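One structure is given below, encoded as C-alpha cells.
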Amino acid sequence: MTDRRTELAWNLAAVEERIAAACAAAGRAREEVTLIVVTKTYPASDVRILHELGVRHVAENRDQDAAPKAAACTDLSLHWHFVGQLQTNKVRSVASYADVVQSIDRLKLVSALSAAAVRAERELGCLIQVALDAESGQQGARGGVAPDGIEELAAAVAGSPGLRLDGLMTVAPLAGPYAGRQQAVFERLMEFSSGLRAAHPAANMVSAGMSADLEQAVAAGATHVRVGTAVLGVRPRLG
Ligand SMILES: *Cc1c(COP(=O)(O)O)cnc(C)c1O
C-alpha cells in the first residue's frame, strides 16, 4: 500500500507539472483547469489514496464498477463524473452517486436521467458529449452526438427538472477526418462551447484531453482534463 501511495503521488505530481506547464504556455491561470482522475478498472483503495493526495474529482465509465466504488467511498468529499456510454437501464444507479454525467448524447437519456434525478432528489450536472466523427443524426464510435444535435440536447437538459446544463465534452475520434488531429478537435469543441454559452451562459465547462493529449486540450481552452493512465498506470484490461 505504501508503495502504491508513492507511485500515485509521483505520477500525480508529474501530471500536475504537465498541466501547470500547459497553462503557463497558454497564458492561462492554473486554477482555470480542473484535473479529473479517471479511476476506471482501479480499486476503491486507489481512489482513497488519491483523495489523501488531494484529488477531488474522479471519473468512471461503467456503472457496474462505479456504483460499488462510489459506495465504498461515501465518507470522502469527492465529485464523481460519469464519462462512459450510458444505457437508460443504468440511469437510476448512476443518478444515485454521480455529480456530473459527461456523456449526454441523446434525448432519451435526458428524460431518463431527469426522472432518476428527481426521484433521487439530486441535481445532476450534465455535459453534452460531442462526436466529431458522427454524421448528422448519428452517434460517434465512442459515443457522442453530431455537432448539429448539440442545441436540441442542450435545450432539453436546460428544461429538465433535476438536471443542470454544465457544458460540453469530447473524446478525440480514432477514425475519420479528425483522427490524430487533437488540436483541431479541441479547437472545434471550443467553438461549439462559445455557441452554447451564447444561449446558456452558465454552461461553461469544457471537458477535453486525456493522458496523451492534455496539453493540446489546455492550449485550446479546456476547463477540465480527464486523466487515467498517466496517474494510475496502464490499465490491466480495456476499459
Ligand atoms: C478512459 C477515459 C479517459 C482517460 O484516458 P487515459 O488515456 O487513460 O488518460 C478519459 N475520458 C474517457 C471518456 C475515458 O473513457
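As the structure lists them, so they are numbered: ligands from 1, and atoms in each ligand from 1. No experiment lies behind these values; they were computed from the predicted model shown.
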Nearest-option assignment for atom 6 (P) of ligand 1, heavy atoms, candidates G233, A212, S211, S207: S211

V83 contact mode with ligand 1 (heavy-atom cut-off under 4.0 Å): both

Residue pair R4, D46: steps toward the salt bridge (Lys or Arg N to Asp or Glu O under 4.0 Å) verdict: CA-CA 8 Å; R4 184 58 170 157; D46 280 353; 2.7 Å; yes

Ion pair K40/E60, N-O distance below 4.0 Å: no

Donor-acceptor side-chain pairing of S193 and R197 below 3.5 angstrom: yes

May I have the list of side-chain donor-acceptor pairs in residues 140-148 shorter than 3.5 Å, sequence neighbours left out?
from	atom 1	to	atom 2	distance (Å)
R142	NH1	A172	O	2.8
D148	OD2	S136	OG	2.5

Atoms of ligand 1, numbered as shown, that sit under 4.0 Å from any heavy atom of V227: 9 (O)

Residues forming a side chain to side chain contact (heavy atoms under 4.5 Å, CB included) with Q129, sequence neighbours excluded: S103, M169, V171

Numbered atoms and elements of ligand 1 in range of R235, under 4.0 angstrom, heavy atoms: 1 (C), 8 (O)

Contact check: G228 vs ligand 1, nitrogen or oxygen atoms, below 3.5 angstrom: yes

Within reach of ligand 1, part of K40 (heavy-atom separation under 4.0 Å): side chain

Enumerated ligand 1 atoms positioned under 4.0 Å from heavy atoms of T229: 6 (P), 7 (O), 8 (O), 9 (O)

Test item: D99 side-chain N/O and W80 main-chain N/O as donor-acceptor pair under 3.5 Å: yes

